[in-house]
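These notes concern the structure reproduced below.
Just so you know, ligand 1 is whichever comes first in the structure, and atom 1 is the first atom listed for that ligand. In this chain, numbering begins with 1 at the start of the sequence shown.
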Amino acid sequence: MRHDPRCFLSLRTCCFLWSTWPWRGGTPAGVHGEKHTATHLLNFALKTVLGPSVHQRGSHVSADRLRFDFTVKGSLSVSQLQQVETCVNDIVSANQIVYSQEVPLQSARSIRGLRTVDEVYPDPVRVVAVAVPVSELLDNGTDRQTSVELCCGTHLLKTGAIEDLVIVSERQMVKGISRIIAVTGQEATRAREAGQVLSEEVDSLAARLTDSAHCSFDSAQRFAKEIGVLSDTVDTTPIPQWQRRELQLRLRALQRSSNTAVRKLETREAAGNAQALLEKHGRKVLLVDTLDTDSLSVVMKTVNQVSALAPLSFVMLLAHQRHSGKVLCACQVPKDANSLPASDWALAVCSHLGGTAGGTAVVAKGTGSSSDITEALRWAEEFARQKTQR
Ligand SMILES: [Zn+2]
């Protein structure tokens, strides 16, 4: 029953304090009434959608949001989140009256649908019910399912003042207990608007993927980066949680398609590079050259493809990455080339360039930095010549 911001206490302690406060009967500050009433509706909606096994494990309201912990087997599905939100908002738009009445504890216990916990309640106890007068519930003459709780907190007079409720977060805190964060009123409107904007952004990214299928490597990489940025925004912006889950799924699918497109383009570019290098050098033993690319993956793939076509060559390629100023390095050597393992070669060159490298005896890659790539090239070739001629 910890609904009120002051109410971190048990219901008994809370009600005791309440009864001793000078403003009893009035509305102390009253600022959180809207979220407190919304908390009751949320509790009711969760039970309605997920069943009676839902039990409140704690709640807290602050000026800008409400938090609600409850027992549930796993995280809620998109459809369950939507149903809970709809259930609350139906009661909000019906602008139901919030009734409250102090009644003898014994009578309160007889109210259908009211859950009493192992707590010592004050007597008389305050009953808060939405849409149905407490007296009607006491007569037991109604079968209407409604929100009814023992509570001392501050409440709205009518549910319409909540305006709107949006669940902006739901996750399992520990196995079997979920935490919901929800916003109401203008915050809720803003969350819906933000969700709409992000949804449109995902639509437009998806349309671009099918439209262009990425003619160039650069545009494909830019696209992948945009997906990453949008994913971060979707993860962190307060939007409806059901929508976040949907958008995250779509973005992950887009990310996969985009990665596949990038890999295809890399392979195609590497094939062209390998062809050009072999035309320039032939299948000579020591093939060391530069490549015009910003991608270490393209350097590596080109080295692989050259080696596949010239299996007896020691191949190393360096590239100057424009945006970082780094030198990218990859190499591959013939199998059983004990004179110069690829990892030694790459490490020597990258260390010479103030960086580092790693790999196996056959293939390796790394990075360094140099403003003079021609010097680096000469150094790499000379190092390999000494090793292989020994
Ligand atoms: Zn309450």
Whether the [X] and [Y] side chains hold a donor-acceptor pair (N or O, under 3.5 Å, no angle test) is what I'd like checked.
| X | Y | value |
| --- | --- | --- |
| E170 | S75 | yes |
| T290 | D292 | no |
| Q83 | S79 | yes |

Check: Is there an N/O/S atom in H36 that lies less than 2.8 Å from the Zn ion (ligand 1)?
Finding: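 Yes.
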
Next item on the list: Verify the distance test for H155 against the Zn ion (ligand 1): any N/O/S atom under 2.8 Å, yes or no.
Entry: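 Not a single backbone or side-chain N, O or S atom of H155 is under 2.8 Å from the Zn ion (ligand 1).
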
Next item on the list: Would you mind naming the N, O or S atom of H40 nearest to the Zn ion (ligand 1)?
Entry: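 For H40, the N/O/S atom sitting closest to the Zn ion (ligand 1) is NE2.
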
Margin query: Under 4.0 Å between a side-chain nitrogen and a carboxylate oxygen: does that hold for D203 and R250?
Written below: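 The answer is yes: the pair qualifies as a salt bridge.
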
